[in-house]
Trainee: 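Pasting a structure below so you can have a look.
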Amino acid sequence: MKQRVFVTRAIPEVGIKMLQEHFVVAVWPEILPPSRECLISGISAADGLLSLLTDKVDGSLLDVAPNLRIVSNYAVGFDNLDLAELTKRGILATNTPGVLTETTADLAFTLMLSAARRIVESASFVKNGHWQTWGPELLLGQDIYGARLGLFGFGRIGQAVARRAKGFAMRMRYFDVVRQEHLEEELGIEYVEPAELLATSDFVSIHAPLNDFTRHFFDREAFTLMKKTAILINTARGAIINEKDLYQALGEGRLAGAALDVTDPEPMEKENPLLTLDNVLVVPHIASASHATRNRMAVMAAKNLIAGLQGQEPPNLLNPEVMSRQRGI
Ligand code: GLV
Ligand code: GLV
């Protein structure tokens with residue numbers, strides 16, 4: 001009998017087709033994610049789950065999925081998966097690293113340029129008919145060229161941002177739990193402790209996973225350390241920032257602006273006071289949203305799932321200990 005796979009949203013066709021060659025595939029057809037009940041009914045008979053970052057995969061969900069052998073997450077971030085619960089139950093977990101690195105770095109850079117040069121405000125200014133003449137003081141922003149960039153997190157995406165920033169002669173520093181000495185000379189970037197990173201950067205861009213260390217790292221205390229002229233960019237996970245503290249810091253002029261691709265929760269509520277501020281730019285979690293990259297993510301997520309259900313080691317396995325256990329190593 002063919003194995004069953006549940007896909008929690010219509011990912012690009014190329015990935016669905018690959019899965020259909022091997023499995024009976026059910027795809028959740030709505031624009032909104034499946035409710036908990038629908039997720040439960042979709043997963044209960046499934047051998048494989050292709051999940052999105054909007055699906056919370058935890059122990060209580062796994063309790064209703066006796067056949068489940070793999071969860072293939074269509075994202076590089078996997079804070080939506082309870083990895084410990086998956087591992088405990090011998091269920092493989094995979095993500096989609098690498099394929100979205102450059103596209104995400106492009107968006108981080110777009111947000112930095114847009115916030116620094118007030119692009120969204122400027123475009124609205126023209127559309128709303130306010131443009132009267134060239135003005136010496138009109139819509140002044142900040143220079144990116146030669147400015148100081150602080151990267152909070154220096155994995156693949158942070159490094160890809162640094163490569164772009166090099167072309168803008170930015171003076172770069174980073175903090176990461178893993179030091180990358182071999183890249184420091186190549187990219188002209190210096191390792192510093194978080195407090196120093198915050199205190200000396202004109203732009204701080206977040207490229208870290210969400211975990212116990214990074215959750216609400218950017219809070220009142222962090223904003224107090226940052227320059228009053230600094231702009232904060234987040235393309236990682238919303239909960240790395242305490243949004244209430246961010247609003248307060250911006251209101252008190254302790255920070256110059258923020259550009260966010262991710263919020264906590266998502267979607268950001270329409271009533272969120274951050275949306276009333278001209279110096280806050282929010283886009284709806286689109287960092288990996290290019291046609292080519294979403295196709296690559298679909299192929300990668302499908303390959304991981306197929307390998308896992310065929311008893312091979314998936315290329316992007318997050319919990320290799322499950323595989324070793326199955327092989328009795
Ligand atoms: C998107 O946020 C991802 O983690 O891929
Ligand atoms: C994700 O790709 C990262 O390691 O930055």
Side-chain angles (χ1 to χ4, degrees), residues 7-12 14-16 28 31-33 49-58 70-83 86 92-112 151-161 176-178 205-218 232-241 243 258-268 281-305 314-319:
V7 183
T8 63
R9 220 90 65 75
I11 63 165
V14 55
I16 304 283
W28 179 252
I31 289 179
L32 293 178
L49 176 71
L50 195 147
S51 56
L52 272 59
L53 57 89
T54 41
D55 306 310
K56 199 167 167 46
V57 179
D58 55 16
I70 178 164
V71 175
S72 167
N73 209 39
Y74 182 75
V76 65
F78 50 89
D79 48 280
N80 59 308
L81 309 182
D82 189 331
L83 201 56
L86 285 156
L92 303 167
T94 62
N95 67 338
T96 60
V99 287
L100 48 67
T101 300
E102 301 299 341
T103 306
T104 301
D106 281 350
L107 190 90
F109 228 83
T110 303
L111 289 179
M112 181 164 70
L151 298 169
F152 182 80
F154 195 55
R156 285 171 292 249
I157 298 169
Q159 292 161 24
V161 170
D176 195 295
V177 286
V178 184
S205 191
I206 304 175
H207 301 288
L210 176 63
N211 54 37
D212 289 343
F213 173 71
T214 62
R215 184 178 302 275
H216 283 191
F217 180 89
F218 286 82
L232 179 64
I233 299 116
N234 191 4
T235 50
R237 283 293 180 268
I240 297 175
I241 296 177
E243 287 177 4
L260 312 174
D261 179 48
V262 286
T263 64
D264 178 33
E266 291 181 3
M268 180 179 257
L281 169 57
V282 184
V283 295
H285 205 150
I286 55 168
S288 68
S290 76
H291 294 287
T293 287
R294 287 287 163 84
N295 283 344
R296 282 193 289 262
M297 288 166 66
V299 169
M300 188 176 244
K303 278 190 180 158
N304 281 325
L305 206 147
N316 309 102
L317 187 57
L318 295 167
N319 51 359

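In this chain, residues are counted from 1 in sequence order. Counting starts at 1 for both ligands and their atoms, following the listed order.
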Trainee: Taking only residues two or more places apart in sequence, or in another chain, which ones meet F218 in a ring-ring contact (aromatic ring centres under 6.0 Å, His included)?
Mentor: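 Partners of F218 by the ring-ring contact (aromatic ring centres under 6.0 Å, His included) criterion, ordered by chain and then number, come out as F152.
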Trainee: Using modelled atom types and a 3.5 Å cut-off, is there a donor and acceptor pairing between side-chain atoms of N304 and backbone atoms of N316?
Mentor: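 A pair under 3.5 Å: yes.
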Trainee: I'd like to know if the side chain of T96 reaches the main chain of Y74, judged simply by a donor and an acceptor atom lying under 3.5 Å from each other, with no hydrogens or angles considered.
Mentor: no
Trainee: Run through all N or O atoms in ligand 1 and write down each protein N or O closer than 3.5 Å, as a pair with its distance.
Mentor:
from     : atom 1 : to   : atom 2 : distance (Å)
ligand 1 : 2 (O)  : R237 : NH1    : 2.7
ligand 1 : 2 (O)  : R237 : NH2    : 3.4
ligand 1 : 2 (O)  : H285 : NE2    : 2.6
ligand 1 : 4 (O)  : V76  : N      : 3.3
ligand 1 : 4 (O)  : G77  : N      : 2.7
ligand 1 : 4 (O)  : R237 : NH2    : 2.8
ligand 1 : 5 (O)  : V76  : N      : 2.7

Trainee: Taking D261 for its side chain and A108 for its backbone only, find out whether a donor-acceptor pair lies under 3.5 Å.
Mentor: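 Side chain of D261 to backbone of A108: no pair is present.
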Trainee: Main chain of A289, side chain of T293: is a donor-acceptor contact present, judged purely on distance under 3.5 Å?
Mentor: no
Trainee: For the residue pair I11 and A298, what are the closest heavy atoms and their distance?
Mentor: CD1-CB, 4.0 Å
